[in-house]
2 protein chains.
Amino acid sequence: MTLVKKTPTIQDVARFAEVSTATVSRALSSPERVSEQTRARISEAVRVTGYTPNQSARSLRQRTARTILVALPDIGNPFFSVILDAVEREAACRGYGVLVANRFPGNSSGLRMRDYFMSNRVDGLLLFDGSVDLEQLMMLTGDPMPVPLIVACEEIPNAPFHTVKTDNSYAAEQATRHLIALGHRRIGHVLGPRGNVLTGERQRGYARAMQVAGLEIRPEWLLQGGFAMEAGQVAAAHFMCLRDRPTAIFAANDESAVGFISGLRQRGLDCPGDVSVVGFDDLELAAHVWPPLTTMRQPRAALGRIAAGALIDLIEGGRRDRMPMHMVLSSEMIVRGTTARPPAPATSEAGPSALAVQ
Amino acid sequence: MTLVKKTPTIQDVARFAEVSTATVSRALSSPERVSEQTRARISEAVRVTGYTPNQSARSLRQRTARTILVALPDIGNPFFSVILDAVEREAACRGYGVLVANRFPGNSSGLRMRDYFMSNRVDGLLLFDGSVDLEQLMMLTGDPMPVPLIVACEEIPNAPFHTVKTDNSYAAEQATRHLIALGHRRIGHVLGPRGNVLTGERQRGYARAMQVAGLEIRPEWLLQGGFAMEAGQVAAAHFMCLRDRPTAIFAANDESAVGFISGLRQRGLDCPGDVSVVGFDDLELAAHVWPPLTTMRQPRAALGRIAAGALIDLIEGGRRDRMPMHMVLSSEMIVRGTTARPPAPATSEAGPSALAVQ
DNA sequence: GAAACCTCTGCAATCGATTGCATTAGTTTC
DNA sequence: GAAACTAATGCAATCGATTGCAGAGGTTTC
């Protein structure tokens with residue numbers, strides 16, 4: 001009914017409440033500084049006019065945007081989208097908006113982020129993309145780290161940033177130990193994408209578990225892979241070519257695990273009958289494929305929430321700590337249907353050679 | 001090296017280039033209005049100072065935020081996250097930022113969106129969430145639709161908004177026809193969530209295909225479902241209880257299809273050996289589960305791109321057309337491994353009763 | 001050569017909220 | 001009862017870019 005000509009401003013509220021704009025502003029941001037009755041008049045005026053503060057004006061004056069920038073390598077990936085969900089929730093609760101920036105082809109991403117900061121559109125950066133150019137980033141943050149920045153999930157080696165991540169290496173070790181505990185001795189690993197930090201950490205965890213158990217790591221059991229389902233399928237094809245196959249595989253993530261299992265199936269091998277497989281991440285997918293996937297759960301929602309919260313603390317605290325802070329969340333083993341004891345014949349067949357090596 | 005004390009402003013550029021700020025502003029936004037040499041001096045000054053326009057100041061003056069708000073029911077869902085990806089790309093290309101707003105518990109979402117507009121943080125709204133309160137929305141858009149708004153994927157019935165979506169009903173009809181063409185006569189449908197517009201459209205398409213082919217639709221073959229994998233698994237449990245089972249199922253989406261298939265498997269039924277299943281959406285998942293899922297592909301990336309483009313056109317065109325525009329993208333049948341001819345015994349068994357009904 | 005017309009540039013107001021400083025009125029202290 | 005203090009409010013500058021208006025200088029037109 002009420003045809004709104006223009007969005008109401010603080011002036012309108014002030015006029016209606018018969019006070020100055022300064023008083024209105026104070027009534028809204030620090031109510032204790034305004035007398036009870038004036039406050040009541042202003043509340044009423046706000047209600048009647050339907051006033052909402054203009055964020056641009058506020059940003060301009062206060063030099064804060066109440067917005068964070070979330071940089072992701074791939075929003076389309078369910079791994080990240082669940083995290084983004086949690087980030088958005090946390091930010092919204094604390095009155096912040098969330099701008100998303102997906103990785104761009106080329107390495108222009110760093111520049112794009114720089115632009116967001118320079119143009120005062122965002123107050124802080126939540127970086128999930130480890131591939132951003134380090135130099136561009138350093139240029140962004142300057143020396144005394146003037147830009148609130150948290151690197152999450154991925155990690156930029158040797159860079160002095162706050163990080164929030166999960167215990168990748170230890171989790172990978174646990175996943176491998178689960179297979180060992182089941183009786184597997186010949187265990188392979190589908191690697192993550194080449195050059196990725198996480199790939200390295202998970203491989204290290206796998207290697208440590210094998211070493212500790214005194215098991216052999218054959219180079220041909222390290223299957224080239226990646227974080228996509230296709231990569232898992234390709235790894236399965238390579239797996240089939242092995243003359244001396246492992247009885248279990250630790251895959252770098254759930255998607256490669258699922259691709260790997262479906263690749264096995266296509267070629268007549270059963271999981272977990274012939275080969276046990278353990279994944280990493282615990283995507284929704286994992287519980288619902290058949291057989292349901294045994295995997296290491298990464299607390300993705302918690303990670304998003306904590307990262308966003310920490311970033312906003314950083315923004316509001318104004319303390320640009322010299323000491324980077326590292327928060328590590330722990331993962332959890334979720335045992336489902338893709339892992340089982342090794343097949344009897346395979347074990348006896350492999351027995352001698354495995355012993356011979358030790 | 002260069003320790004930046006403060007972000008440079010247009011004043012700094014003006015001083016360096018020895019012109020007024022007005023000229024700098026014009027040189028950047030309408031270069032043809034500034035002489036060649038002045039322009040060169042200003043470019044140089046911009047380069048040296050590292051100037052980037054302050055977006056808050058610009059927004060305040062021009063009353064545009066160069067930002068769109070994308071409202072989603074569930075960012076964590078891969079269906080939407082791929083769309084969001086495309087939206088972000090398109091928006092970025094056209095110089096717009098993307099703020100995301102996930103659905104909030106309660107029905108406060110509409111108010112939250114209203115706030116974004118009233119506070120001048122966003123110029124337009126891309127609405128993927130059909131559950132937003134219609135009244136709150138109308139209040140937002142006012143009568144002559146002053147707020148650029150596009151409803152995508154979902155649709156708000158009887159509301160005069162621009163829409164971008166796929167041909168759900170027709171696509172569902174095609175999916176069902178595929179099953180009929182394979183020789184199935186007893187075909188069931190795992191429904192989407194109750195009350196959802198898409199659920200209705202897909203069910204209608206299913207019903208039309210069945211009618212046109214002269215096939216019976218038994219009420220007990222309409223299995224309660226939803227868009228989640230769990231829902232598919234529950235539907236499979238109900239399916240098993242049927243005394244007279246369909247030989248094929250059209251599931252409302254890929255996730256319910258995958259859940260359904262895994263539910264069948266758990267209970268000893270094979271797909272497509274015993275039951276053929278066709279899904280809807282063509283998520284990444286679909287190609288990589290085993291067997292790979294036959295499904296109707298929705299052009300999600302195209303949808304995101306087109307919706308974002310149309311919204312920005314709307315914002316920039318300034319033409320608040322009275323006539324709502326409806327863009328319909330078409331889906332594509334993707335035949336993979338979950339559909340096959342019906343099993344011979346089941347067909348002969350069902351033959352008489354099916355004939356009797358006709 | 002006066003009028004009309006460009007082209008280029010600067011002045012200063014403007015967008016809407018915040019905030020340092022000043023002012024008024026009322027209260028406490030000794 | 002003067003001094004000191006506190007509480008509540010207003011004035012006006014400020015954040016940084018954009019833009020209507022006007023003026024300077026030059027060119028074209030008749």
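Chain letters run A, B, ... following the sequence lines, proteins first and then strands; every chain starts at 1.
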Hey, could you give me each pair passing salt bridge (Lys or Arg N to Asp or Glu O under 4.0 Å) that has a residue in residues 11-31 of chain A? Not counting sequence neighbours.
Asp12(A)-Arg15(A)
5'-most by nearest nucleotide on DNA chain C - Val34(B) or Arg58(A)
Val34(B)
Taking DNA chain D as the partner, which of residues 41-48 of chain B come within under 4.0 angstrom of it by heavy atom?
none
salt_bridge(Asp123(B), Arg63(B)) N-O dist < 4.0 Å
no
Return the 5'-most residue of the pair Arg61(B), Val19(B) with respect to DNA chain C, ranking by each residue's nearest nucleotide.
Val19(B)
How about Glu36(A): does its CD atom have over 12 heavy atoms from other parts shown lying under 6.0 Å from it?
no
Can you find a pair of side-chain heavy atoms, one from Asn77(A) and one from Phe80(A), that are under 4.5 Å apart?
yes
Quick one: are Lys165(A) and His326(A) in side-chain contact, heavy atoms under 4.5 Å?
no
Is the shortest side-chain N to carboxylate O distance from Glu44(B) to Arg47(B) below 4.0 Å?
yes
Whether Arg66(B) engages the ring of Tyr96(B) as a cation-pi pair (distance to the six-membered ring centre under 6.0 angstrom, angle to the ring normal within 45°) should be assessed.
yes
Below 4.5 Å, heavy atoms only, C-beta onward: do Cys153(B) and Ile83(B) meet side chain to side chain?
yes
Does Asp85(A) pair with Arg103(B) as a salt bridge, N-O distance under 4.0 Å?
no
Could you check whether Ser59(B) gets within reach of a base, just the sugar-phosphate, or nothing at all, counting any heavy atom under 4.0 Å?
nothing
Does the pair Ser56(B) and Ser59(B) meet the rule for a side chain to side chain donor-acceptor pair (under 3.5 Å), with working shown?
CA-CA 5 Å; Ser56(B) 304; Ser59(B) 291; over 6 Å; no
side-chain contact (heavy atoms from CB on, under 4.5 Å) between Glu88(A) and Ile75(B), worked out:
CA-CA 9 Å; Glu88(A) 203 274 333; Ile75(B) 314 177; 4.3 Å; yes
Filtered N/O pairs between nucleotides 22-27 of chain D and protein, under 3.5 Å:
none

First and last nt of DNA chain C near chain A, cut-off under 4.0 Å to heavy atoms, 5' to 3', are dG16(C) to dG20(C)
Contacts of Val328(B) that satisfy side-chain contact (heavy atoms from CB on, under 4.5 Å) - sequence neighbours left out:
Asp167(B)
Selection: residues 20-30 of chain B, any non-hydrogen atom under 4.0 Å of DNA chain D
Thr21(B), Ala22(B), Ser25(B), Arg26(B)
Validation row: Leu314(B), Ile150(B) side chains within 4.5 angstrom (heavy atoms)
yes
